[in-house]
2 protein chains.
Amino acid sequence: MITLTEENYIKAIYHLSKQGAENVNTNALAEAMNTKASSATDMIRKLSEKDYANYKKYKGVTLTETGKRIAINIIRKHRLWEVFLVEKLNFTWDEVHELAEQLEHIKSQKLIDELDIFLGHPTHDPHGDPIPNKDGEITYVEKTLLSQAQVNLRYSCVGVNDSSSEFLQYLNNNNISLGSIIEVMHIEPFDKSINIKANGKLLTVSQSVAKNLYLKKL
Amino acid sequence: MITLTEENYIKAIYHLSKQGAENVNTNALAEAMNTKASSATDMIRKLSEKDYANYKKYKGVTLTETGKRIAINIIRKHRLWEVFLVEKLNFTWDEVHELAEQLEHIKSQKLIDELDIFLGHPTHDPHGDPIPNKDGEITYVEKTLLSQAQVNLRYSCVGVNDSSSEFLQYLNNNNISLGSIIEVMHIEPFDKSINIKANGKLLTVSQSVAKNLYLKKL
DNA sequence: ATAATTATTTAGATTAGTCTAAAAATATAT
DNA sequence: ATATATTTTTAGACTAATCTAAATAATTAT
Ligand SMILES: [Mn+2]
Ligand SMILES: [Mn+2]
Ligand SMILES: [Mn+2]
Ligand SMILES: [Mn+2]
C-alpha cells in the first residue's frame with residue numbers, strides 16, 4: 001500500500017525532474033515538499049526500497065517506470081478534478097489547486113474513469129496543463145514563456161507555470177485568462193519588465209510574472 | 001487541525017450512540033474501528049482533551065456539541081458523495097460506501113456547498129439515509145425493520161441498515177431496491193425467517209436479512 | 001460477600017514521518 | 001592542492017496511531 005506522503009514525494013520528484021535535470025537533488029526535493037533535507041533522504045530511501053525510485057547516495061534520485069506511472073496517474077487525477085470543480089461546481093481557476101491536492105489521493109479506478117467520461121474526456125485542465133490519458137500518455141503542445149516572447153508578435157495565452165491562487169488572482173485582476181490575446185509591445189532593458197497589450201489593454205508586467213505565463217504564437 | 005483518524009472515531013461514536021445507549025463503551029468503539037480497546041482508550045483521551053468528547057474513566061464516552069457537529073458534517077459529506085457517485089457517475093448503490101469513506105474527509109466548505117447545489121439538495125442518500133442539511137438538521141422519516149413488520153401488511157422498502165456491498169448485492173440479486181413493494185406473508189416461528197412477496201415475487205429471507213431492511217407501511 | 005468473569009486502562013514497543021544537530025561527502029575557490 | 005563552502009547523510013529524538021501483555025476496575029454469579 002502506498003501512503004499519501006509517498007504519493008506526494010513521487011509527484012514532486014516527477015515535476016522537478018521535468019523542469020530541471022533528470023536527477024533530483026535532496027535539497028530541491030525537501031524544498032518542494034516543505035520539509036528538511038534529512039526527511040527527504042529518509043523518504044528517498046523508502047521509495048527506493050519500494051522500487052518507486054532509483055537512488056545512489058549523494059547522486060540524487062530518479063523515478064523508476066513504476067514511479068513514473070504512479071506520478072502520472074496522480075497528475076491525471078489532479079487535473080481531472082480541477083476540470084470538474086471549474087466546469088461543474090462553479091469554482092474559478094484560482095480556487096481549485098489546493099483542493100485538487102486533496103482529491104488526487106482518492107483511490108478508485110472506477111471513480112477516475114467515470115469522472116473522465118462525465119467530463120467528456122477533457123484534454124487540458126483549467127490552467128492549460130495537459131491531462132494524461134488512461135494509458136498515461138501526455139500530449140504536449142508547443143508553448144513559450146512570456147519572458148521568452150518576441151516584441152511585436154501576437155500570442156494567445158495557453159497556460160500558467162504557477163497555479164497558486166495569488167498568481168491566478170493577479171491575472172484575474174488584469175483580465176488575463178486562457179485564450180487572452182497578448183501582444184508584446186516593449187521589453188524594458190533595465191529590469192526586463194514587459195509592456196504588453198492584453199485583450200487590447202496596455203499593461204506592464206514584471207519578469208517574475210512573465211516567467212509564469214505560457215503563450216502560443218498566433 | 002483534526003486528523004482523519006480522529007474524524008473516523010468521532011463518526012463511529014456518533015453512530016454507536018444513535019443505535020445503543022448514549023454512552024459508548026470502549027470495546028464497542030474498538031470493534032467498530034477495527035482496533036483494540038487500548039487504542040480506543042488512547043483516542044478517547046485525545047478527543048476529550050480536544051473537547052470533541054466527554055470522558056470519565058470506565059464510564060464510556062459521549063460527544064460534545066462540537067463533536068456532534070463534526071460527526072454530522074462528515075455524514076453529510078459522505079451521503080452527498082454517495083448521491084453524486086450514483087446520480088452522476090453511474091455507480092450502483094452497492095459500490096459507493098467504501099469510496100465515500102474516503103471522500104467524506106475532503107476538507108472544503110465550498111466543495112460540499114456546491115456539490116449540494118449541483119445535486120439539487122438531495123434529502124436522502126442511495127441507501128435511504130437522510131442527508132443532514134447545511135445547519136446539521138436531520139429529518140428522520142418513520143421506518144420499521146422487516147424483522148418487526150406485521151404479517152399481511154404491505155410495505156415499501158425505504159432503506160437499509162447495512163450498506164455493505166455484500167448485503168446490497170444480495171438485495172440486487174433478489175430485485176429489491178428502494179421503493180420495492182414488500183408484503184409480509186408468513187413468519188416461520190422456528191427460525192424467524194420470513195416469507196415475503198417482493199415486487200410480486202415470493203421469497204424467504206433470514207432474520208439477519210430482515211434486521212437490515214427498513215420498510216414503511218403503505 | 002466473595003469469587004470469577006468481563007471491561008477498561010496502563011505500560012512499554014513499533015512504525016511513519018518529521019525535526020535538530022553533527023558528521024561526512026562533494027563541489028568551489030584560492 | 002588545500003581550504004572553504006555547500007550538500008547530503010546519519011544519529012537521536014518526537015508525535016500520532018497502533019499493538020501486546022499486564023494490571024486494575026466493574027460487573028455478575030455463587
Ligand atoms: Mn493544480
Ligand atoms: Mn492545474
Ligand atoms: Mn455509506
Ligand atoms: Mn449511505
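Computed from a predicted model, the values in this text were never measured in an experiment. Note: hydrogens, waters and symmetry copies are ignored here, and every other heavy atom, side chains too, is used. Protein chains get the first letters and strands the later ones, always in sequence-line order, with residue 1 at the start of each.
Looking at heavy-atom distances under 4.0 Å, A:T41 makes contact with a base.
In this structure, A:E95 contributes its side chain and A:T92 its backbone to a donor-acceptor pair below 3.5 Å.
Between C:dT8 and B:N25, a contact under 4.0 Å exists linking OP1 or OP2 to a side-chain N or O. Distances shorter than 4.0 Å separate none of the side-chain N or O atoms of A:N27 from OP1 or OP2 on D:dT6.
Here the C1' atom of nucleotide D:dA16 and the CE atom of B:M33 are 13 Å apart, to the nearest Å. With rounding to whole Å, B:L4 atom CG is found 12 Å from D:dA16 atom C1'. What separates CD1 of A:I2 from C1' of C:dT15 is a distance of 17 Å, to the nearest Å. A straight line from CD1 of A:I44 to C1' of D:dT7 spans 12 Å, rounded to a whole angstrom. Counting to the nearest Å, the P atom of D:dT15 and the CE atom of B:M43 are 16 Å from each other. In this entry the distance linking CG of B:L29 with C1' of C:dA7 reads 14 Å, nearest Å. C:dA16 atom P lies 13 Å from atom CG of A:L47, rounded to whole Å. One atom, CD of A:E6, and another, P of C:dT15, lie 15 Å apart when rounded to the nearest Å.
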Each nucleotide N or O in nucleotides 19-24 of chain D that has a protein N or O under 3.5 Å away: list the pair and distance.
| residue | atom | partner | partner atom | Å |
| --- | --- | --- | --- | --- |
| D:dC19 | OP2 | B:K36 | N | 3.0 |
| D:dC19 | OP2 | B:S39 | OG | 2.7 |
| D:dT20 | OP2 | B:K36 | NZ | 2.9 |
| D:dT20 | O4 | B:S38 | OG | 3.0 |

* To do: Starting at the 5' end of DNA chain C, write a dot or bracket for each base, bracketing those in Watson-Crick or G-U wobble pairs whose two distances are under 3.5 Å and using | for partners on another strand.
  => ||||||||||||||||||||||||||||||
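Two residues, B:K59 and A:T3, neighbour DNA chain C, and the one matched to the more 5' nucleotide by heavy-atom proximity is B:K59.
Under the 30°/60° scheme for interplanar angles, the aromatic rings of A:H78 and A:H97 are found to be tilted.
Here the nucleotide nearest the side chain of A:R45, chosen from D:dT9, D:dT7, D:dA16, is D:dT9. Comparing C:dT18, C:dT8, C:dT9 by their closest approach to the side chain of B:K57 singles out C:dT9.
Relative to the six-membered ring of A:Y155, A:K216 misses at least one condition, a distance below 6.0 Å or an angle of at most 45° to the axis. Judged by the 6.0 Å distance and 45° axis criteria, A:K143 is positioned over the aromatic ring of A:Y214. A cation-pi arrangement is absent between B:K68 and B:Y14 under the rule of less than 6.0 angstrom and at most 45 degrees off the ring axis.
Counted by atom type alone, A:N54 and A:T64 present zero donor-acceptor pairs between their side chains at under 3.5 Å. Neither side chain, B:D162 nor B:H127, offers a donor N or O lying under 3.5 Å from an acceptor on the other. A donor-acceptor contact closer than 3.5 angstrom links the side chains of B:S206 and B:S208.
Aromatic ring centroids of A:F84 and B:F84 lie under 6.0 Å apart.
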